[in-house]
Structures are given as C-alpha cells and as structure tokens.
Amino acid sequence: MEKAQWWRQLKPFRLAPNWKIMWNKLRDVEPEDARQDDEAWLFTFVEDMMYMVAESTSKENKKTVTHTLGIDLGWYPEGDREGCYHLAAVLDNHWEEPILEMKTRCTQEVVDTIELWLFETFANWENRLLVNGKK
C-alpha cells in the first residue's frame, strides 16, 4: 500500500460530540492475525496508540475551571506479541487513579468499548461533575 494511503489501515469508530482525537495509530488488525514480521509490532502495538479528550469549562468563585476527560489506549509491553491493549479513562490527568480501565487482546473489543464509553458511560459527564461537587 502506498505511504499516502496509511490512513486507510486505521480502525474506524464513531466519535461522540465534543471529543477530539489527539492521535490515533489503531490499525484495523487483530493481534492474533498479525504476522511476526508485520510492521504493526513496531509502529502500531505501542504504548502511545490512541488518545482522545473532551473538556468541560465552568465558573467557580468567579474563576474559569476546566476539567479534561481523557481516554488513552496503549499496548503493553510495547511491541510484545504476548502483550495486550490497555484502555483507560482519566479525569484531569490523574493517571494513577483511572475512572475506568479495560485490558483485552481484541481490537474490535477496544473499539466497541471506546464507543460505549463515549456514547453511554460518559454521556453528559460534565453534568455529573456538577452533581458530585467537582465543579
């Protein structure tokens, strides 16, 4: 495939309103189907595979407060055929305390989980912060 066509190899998924993809290397390949010499082990199955964010801004004591909800995807250990995907949702960069986590070896399960989180689990997450006193 031509270098200019690299984007055709990306795994498609639906994106909910207000979410931004910061980077995405998730290819439409299942790890079990990737050959040992597939370049995916060098360039796709890495720690920094995909990252997306949504932000919510509000006023608190006359100050503008912004909360960021991030969804991070990586492959651990990086490039290891025995590894797995690690998907995590993190509020305000508290990486040591993810809101949700999931591990799998299935690419389609990753996409399904991301879409579930975007459209159901985190639908109206900004309003939930208000109720829980985070804003």
Side-chain angles (χ1 to χ4, degrees):
M1 185 169 287
E2 295 177 32
K3 278 239 187 254
Q5 300 291 309
W6 64 269
W7 53 270
R8 291 185 184 268
Q9 298 178 18
L10 294 177
K11 183 74 174 167
F13 57 89
R14 293 171 286 267
L15 193 62
N18 301 319
W19 283 88
K20 294 185 292 189
I21 297 176
M22 306 310 285
W23 65 82
N24 179 22
K25 298 178 190 174
L26 182 59
R27 271 186 41 194
D28 193 4
V29 62
E30 291 293 341
E32 304 305 326
D33 298 336
R35 297 181 326 267
Q36 180 69 36
D37 63 345
D38 192 316
E39 68 179 18
W41 295 110
L42 295 174
F43 302 110
T44 301
F45 296 109
V46 295
E47 289 182 10
D48 294 324
M49 187 176 292
M50 190 272 312
Y51 184 64
M52 61 178 57
V53 297
E55 293 183 339
S56 174
T57 304
S58 65
K59 295 282 187 183
E60 182 179 307
N61 297 327
K62 298 184 182 180
K63 290 184 180 181
T64 301
V65 177
T66 301
H67 291 281
T68 303
L69 182 57
I71 296 179
D72 182 68
L73 175 66
W75 182 269
Y76 297 90
E78 186 168 297
D80 188 335
R81 289 184 56 86
E82 302 302 315
C84 67
Y85 291 108
H86 181 229
L87 185 64
V90 177
L91 182 62
D92 295 333
N93 294 315
H94 293 289
W95 294 97
E96 64 285 346
E97 298 176 22
I99 297 169
L100 293 173
E101 289 183 281
M102 187 267 276
K103 293 182 181 182
T104 184
R105 289 186 53 85
C106 177
T107 303
Q108 188 58 50
E109 186 177 359
V110 166
V111 172
D112 293 344
T113 301
I114 290 171
E115 290 177 349
L116 176 73
W117 288 4
L118 293 181
F119 288 97
E120 293 185 21
T121 307
F122 295 132
N124 301 315
W125 67 276
E126 308 93 328
N127 295 334
R128 285 189 231 149
L129 288 175
L130 285 170
V131 171
N132 294 327
K134 296 282 185 187
K135 285 190 176 180

Taking every heavy atom of Thr104 against every heavy atom of Cys106, the minimum-distance pair comes out as OG1-N, 3.1 Å

Atom of Arg105, atom of Glu82 and distance for their closest heavy-atom approach: NH1-C, 3.4 Å

Nearest 0.5 Å please: distance from the CG atom of Leu73 over to the OG1 atom of Thr113. 10.0 Å

Between Trp41 and Arg81, which heavy-atom pair has the shortest distance, and what is it? NE1-NH1, 3.1 Å

Looking at Phe119 and Pro17, what are the two nearest heavy atoms and their distance? CE2-CD, 4.5 Å

Distance in Å, Asp48 CG paired with Glu78 CD, rounded so as to fall on 0.5 Å steps: 7.5 Å

Interatomic distance, Lys103 atom NZ to Tyr85 atom OH [nearest 0.5 angstrom]: 15.0 Å

If you define the side chain from C-beta out and look only at heavy atoms, does anything of Lys59 sit under 4.5 Å from Thr64? yes

Do Ile99 and Thr121 pass the side-chain contact (heavy atoms from CB on, under 4.5 Å) test, and can you show the C-alpha distance, the side-chain angles, and the key distance before you say yes or no? CA-CA 11 Å; Ile99 297 169; Thr121 307; over 6 Å; no

As an exercise, state the distance from CG of Leu10 to NZ of Lys25, rounded to the nearest 0.5 Å. 11.0 Å

Hydrophobic cluster identity match, Trp75 and Val90, side-chain contacts under 4.5 Å: no

Could you see if Leu15 belongs to whatever hydrophobic cluster contains Leu69? Use Ile, Leu, Val, Met, Phe, Trp, Tyr and a side-chain cutoff under 4.5 Å. yes

Distance from Leu91 atom CG to Thr68 atom OG1, nearest 0.5 Å? 8.0 Å

Minimum heavy-atom separation for Ala88 to Trp117, with atom names? C-CZ3, 4.0 Å

Of the options Asn24, Val110, Ile114, Leu26, which is the one that meets Lys11 in a side chain to side chain contact (heavy atoms under 4.5 Å, CB included)? Leu26

For Gly83 against Pro77, the heavy-atom pair lying closest together: CA-CD, 3.9 Å

Any sub-3.5 Å donor-acceptor pair from Thr107's side-chain atoms to Val29's backbone N or O? yes

Cluster overlap Met49 with Ile21, hydrophobic side-chain contacts below 4.5 Å: yes

More than 12 non-hydrogen atoms from neighbouring residues, nucleotides or ligands closer than 6.0 Å to CD on Glu32, yes or no? yes

When you measure from the side chain of Glu47 to the backbone of Gly74, do you find a donor-acceptor pair of N or O atoms at a distance under 3.5 Å? no

Non-hydrogen side-chain atoms of Gln9 and Thr44 separated by less than 4.5 Å: no

Please answer: with hydrophobic residues joined when any side-chain heavy atoms are less than 4.5 Å apart, are Leu100 and Met102 in the same cluster? yes

Please answer: with hydrophobic residues joined when any side-chain heavy atoms are less than 4.5 Å apart, are Trp23 and Ile71 in the same cluster? no

Does atom CG of Asp112 have more than 12 heavy-atom neighbours from other groups under 6.0 Å away? yes

Which word best sums up how the rings of Trp95 and Tyr51 line up, parallel for under 30°, tilted for 30 to 60°, or perpendicular for over 60°? tilted

Is it true that a side-chain atom of Arg27 and a backbone atom of Phe45 form a donor plus acceptor pair closer than 3.5 Å? no

Interatomic spacing from CZ in Phe13 to CG in Asp28 - rounded to 0.5 Å: 12.0 Å

